[in-house]
Amino acid sequence: MAAEVRTEDGCRLWAEQAGVGSPLVLCHGGPGLWDYLGPVARLLDRHVRVIRWDQRGCGRSERRGPYSVGRFVADLDAVREHLAGPRTAVLGHSWGAHLAQRYAIEHPERVSHLIYVSGTGIDAERGWHPHYERNLRRRLGPHLDRWEALGVRARTPAEERERAVLQWSADFADPDVAMSHAEDMATPWLGINGDCNRAVNAEVKQELRTSGIAARCRTLDLPVLIIDGPEDIRPRWGVDSLGRRCRTASGSASPEPATCHGSRIHATSVGPWRPSSTRRCEPASET
């Protein structure tokens with residue numbers, strides 16, 4: 001069921017909810033993209049009430065700023081207040097994992113569970129992007145030349161979509177289905193908000209260096225499920241940096257394997273919540 005959320009500064013956010021039971025808010029990646037977590041929602045809506053939304057300036061939401069981590073945290077709180085109720089589970093994928101984590105840190109009393117799917121961790125000193133770029137080029141294979149050619153010139157909207165599909169295909173481990181999954185993510189094509197992407201990514205890099213987020217993660221007293229994939233082209237030690245710091249007193253931060261980075265692959269690994277009996281988080285094992 002489609003819904004509309006108005007933030008306190010008047011921005012209109014697209015949202016949709018399905019299912020019954022305890023609420024779960026999904027946070028898509030990007031930044032600058034739109035919700036593509038429909039396959040995950042369909043797996044879960046028999047167990048929980050799933051709430052999806054397009055972040056500010058993205059997809060079907062109103063295209064307006066400001067674009068900042070704090071503003072997106074406030075927008076997520078508006079979605080929670082309007083649709084989920086006083087307390088909700090939060091699942092974030094990729095950039096959305098960072099957003100969900102930040103929300104749990106800022107508003108722990110409003111979060112029942114945190115599911116961190118294919119984020120890039122909290123280690124400011126070990127930049128993951130050079131590893132990602134190298135693995136991306138290798139995974140693109142025969143599509144690399146076209147992807148690079150599109151990246152060095154002004155692009156039409158159709159070429160923007162083509163380049164995105166090529167790049168997203170590298171996030172799926174199985175080459176037989178990678179391109180079709182990437183096409184699904186790009187359909188309908190709602191346009192990438194480059195201004196949002198640049199502003200939020202720059203802020204996240206600065207935030208990891210200066211905000212003491214690692215120490216703040218240790219204060220989380222709730223069940224945390226960390227899902228990452230051994231075939232993800234982003235290095236797994238980035239996610240390990242979060243796992244080493246999420247050691248909670250009464251909750252659990254448990255690593256679970258997925259396959260790669262794409263939302264359809266991860267959907268097979270997300271299920272009903274893991275009980276919070278585990279007392280400590282162990283880092284994800286290397287494979």
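Model, not experiment: these values are computed from the prediction.
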Please identify each residue that fulfils salt bridge (charged side-chain N to carboxylate O under 4.0 Å, His left out) with [X], with sequence neighbours left out.
X	result
Glu106	Arg102, Arg216
Arg6	Glu4
Arg198	Asp195
Glu8	Arg71

Determine, stepwise, if the pair Ile213 / Leu208 fulfils side-chain contact (heavy atoms from CB on, under 4.5 Å).
CA-CA 6 Å; Ile213 197 168; Leu208 292 179; 3.8 Å; yes

Please list all pairs meeting ring pair (Phe, Tyr, Trp, His ring centres under 6.0 Å) that have one or both residues in residues 143-168, counting only residues at least two apart or in different chains.
none

Ignoring hydrogens and geometry, is there a side-chain-to-backbone donor-acceptor pair from [X] to [Y] under 3.5 Å?
X	Y	value
Ser61	Gly57	no
Gln55	His28	yes
Ser94	Gly119	no
Glu231	Ala173	no

side-chain hydrogen bond (donor to acceptor under 3.5 Å, both in side chains) evaluation trace for Trp189 with Glu183:
CA-CA 9 Å; Trp189 177 250; Glu183 284 282 354; over 6 Å; no

Begin from the C-alpha positions of Thr88 and Ser112 and carry the test side-chain contact (heavy atoms from CB on, under 4.5 Å) through to its verdict.
CA-CA 5 Å; Thr88 186; Ser112 62; 5.6 Å; no

A side-chain contact here means heavy atoms from C-beta on lying under 4.5 Å apart; do [X] and [Y] qualify?
X	Y	answer
Cys27	Leu76	yes
Leu144	Arg139	no
Ile115	Val90	no
Ile122	Gln101	yes
Leu114	Leu220	yes

Search all heavy atoms of [X] against all heavy atoms of [Y] and return the closest pair with its distance.
X	Y	answer
Cys217	Ile105	SG-CD1, 4.0 Å
Glu207	Ser211	O-OG, 2.7 Å
Pro31	Asn201	CD-OD1, 3.3 Å
Ser169	Ala178	O-CB, 3.3 Å
Leu91	Ala100	C-CB, 4.4 Å
Ala3	Leu83	CB-CD2, 4.0 Å

With a 3.5 Å cut-off and sequence neighbours excluded, list the donor-acceptor pairs that the side chains of residues 9-20 form with protein atoms.
from  : atom 1 : to    : atom 2 : distance (Å)
Asp9  : OD1    : Thr7  : OG1    : 2.3
Asp9  : OD1    : Arg56 : NH2    : 2.9
Asp9  : OD2    : Arg56 : NH1    : 3.0
Asp9  : OD2    : Arg56 : NH2    : 3.2
Arg12 : NH1    : Arg60 : O      : 3.0
Glu16 : OE2    : Arg52 : NH1    : 2.8
Gln17 : OE1    : Arg49 : NH1    : 3.0

Single hit among Thr187, Leu166, Ile192 for side chain to side chain contact (heavy atoms under 4.5 Å, CB included) with Arg161
Thr187

By side chain to side chain contact (heavy atoms under 4.5 Å, CB included), which residues pair with [X], not counting sequence neighbours?
X	value
His131	Arg134, Pro235, Trp237
Thr156	Ala158, Glu159
Asp77	Arg80, Tyr103, His107, Arg110

Could you please spell out the steps behind the side-chain hydrogen bond (donor to acceptor under 3.5 Å, both in side chains) verdict for Tyr67 and Asn197?
CA-CA 9 Å; Tyr67 304 126; Asn197 181 275; over 6 Å; no

Partner residues of Tyr116 under the ring-ring contact (aromatic ring centres under 6.0 Å, His included) criterion, sequence neighbours left out:
none

List in chain and number order the residues that pass ring-ring contact (aromatic ring centres under 6.0 Å, His included) with Tyr132, two or more places apart in sequence or in another chain; answer none if no residue qualifies.
Trp128, His129

Could you tell me the separation between the CZ atom of Arg64 and the CG atom of Asn193, rounded to the nearest 0.5 Å?
13.5 Å

To the closest 0.5 Å, what do you measure between OG (Ser118) and CD1 (Ile233)?
11.0 Å

Could you name each residue pair satisfying salt bridge (charged side-chain N to carboxylate O under 4.0 Å, His left out) that touches residues 81-101, not counting sequence neighbours?
none

Parallel, tilted or perpendicular: which describes the rings of His181 and Phe172, with under 30° parallel and over 60° perpendicular?
tilted

Geometric class of the His93/Tyr36 ring pair [parallel <30°, tilted 30-60°, perpendicular >60°]
perpendicular

Among Asn135, Thr120, Asp171, Asp228, the one residue meeting side chain to side chain donor-acceptor pair (under 3.5 Å) with Arg234
Asp171

Crowded around Arg146 CZ? As in, over 12 foreign heavy atoms under 6.0 Å?
yes

Do Trp34 and Trp53 have ring centroids that are under 6.0 Å from one another?
no

In sequence, state the C-alpha distance, the side-chain angles, and the governing distance for Cys58 and Leu33, and then conclude on side-chain contact (heavy atoms from CB on, under 4.5 Å).
CA-CA 6 Å; Cys58 305; Leu33 300 183; over 6 Å; no

Could you go through Glu148 and Arg137, starting from their C-alpha distance and side-chain angles, then the distance that decides it, and tell me whether this counts as salt bridge (charged side-chain N to carboxylate O under 4.0 Å, His left out)?
CA-CA 9 Å; Glu148 288 183 329; Arg137 283 173 165 77; 3.4 Å; yes

Could you go through the side-chain contact (heavy atoms from CB on, under 4.5 Å) check for Leu24 and Ile51 one step at a time?
CA-CA 6 Å; Leu24 166 67; Ile51 299 162; over 6 Å; no

